[in-house]
Amino acid sequence: MILYGSNTSPYVRRLRIYCGIHHLCIEYKAIDIFNEHDREILIKHNPARKIPFLISAEQAICDSNVIARYLQDKFSLPHLNWEQENLLTTINACNDSLVEMLLGDRSGFDTQADVLFFNLQRERITETLAYLDKQCTTDVFLNCEYLQISLYCLLDWIRFRDLADISHLNGLLNHLETWQQHTLAKETDPRS
Ligand SMILES: N[C@@H](CCC(=O)N[C@@H](CS)C(=O)NCC(=O)O)C(=O)O
């Protein structure tokens, strides 16, 4: 199996850390989705034109959430319960809005403008981070390694790209500090 992605994507990184922790024999290939040659590979396998995607002997699996479920099935790893799925949805919502803001910024838009689209993203980012700050010390969260990894990858990406102020959110800061000691967090650091 081959996991395609980029070293900077938090969605890809969460899967790389998860595979590493469980010693899953998955090859990783980094691609640059804005490079002409690599984009052909992306287009061939994922109509949504997003990373990550996984190529297995049987088929291509697109989207980090689906890839995680596929790996959990394939390697008999625990699935998330419904409360944990909801937390993952919250992490993803925050991550998706930050991606939109980053792309808006790179496209030359004023992402701080008082307009509906950016107001909605900013509201979602602020509220989901505040919510996750409270949830990240609960048993529901702490009993799920995939959630812990996913939140760590989001927070470290926020810090790496300077995307949001989390300096007042102590739960999130503690989570970041705990996970950044992990060998796999160091090995997948987007800065290196
Ligand atoms: N729901 C997707 C989101 C993946 C995603 O947004 N990936 C970004 C990179 S971090 C991407 O490929 N963006 C390309 C684009 O938006 O055109 C997942 O969980 O895999």
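For ligands, and for the atoms within them, numbers begin at 1 and follow the listed sequence.
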Ranked by distance from atom 17 (O) of ligand 1, the top protein heavy atom is Arg49 O, 4.0 Å

Do you see a donor-acceptor pair shorter than 3.5 Å between the side chains of Gln121 and Arg124?
yes

the protein heavy atom lying closest to atom 10 (S) of ligand 1 turns out to be Ser9 OG, 3.2 Å

of all protein heavy atoms, closest to atom 20 (O) of ligand 1 is Ser64 N, 2.8 Å

Within the 4.0 Å heavy-atom cut-off, what Ile33 brings close to ligand 1 is side chain

Looking only at side-chain N and O atoms, does Asp32 offer a donor or acceptor that is under 3.5 Å from a partner on His37?
no

TODO: Could you give me the CA-CA distance, side-chain angles and deciding distance for His182 and Tyr152, then say whether ring pair (Phe, Tyr, Trp, His ring centres under 6.0 Å) is met?
DONE: CA-CA 11 Å; His182 201 291; Tyr152 167 71; 8.8 Å; no

In this structure, NE2 of His45 is separated from CG of Leu54 (nearest 0.5 Å) by 11.0 Å

Is it true that the side chains of Gln59 and Tyr70 contain a donor and an acceptor less than 3.5 Å apart?
no

min-distance protein heavy atom vs atom 1 (N) of ligand 1 -> Asp63 OD2, 2.9 Å

If you compare Asn65, Ile51, Leu103 by their heavy atoms, the one closest to atom 7 (N) of ligand 1 turns out to be Ile51

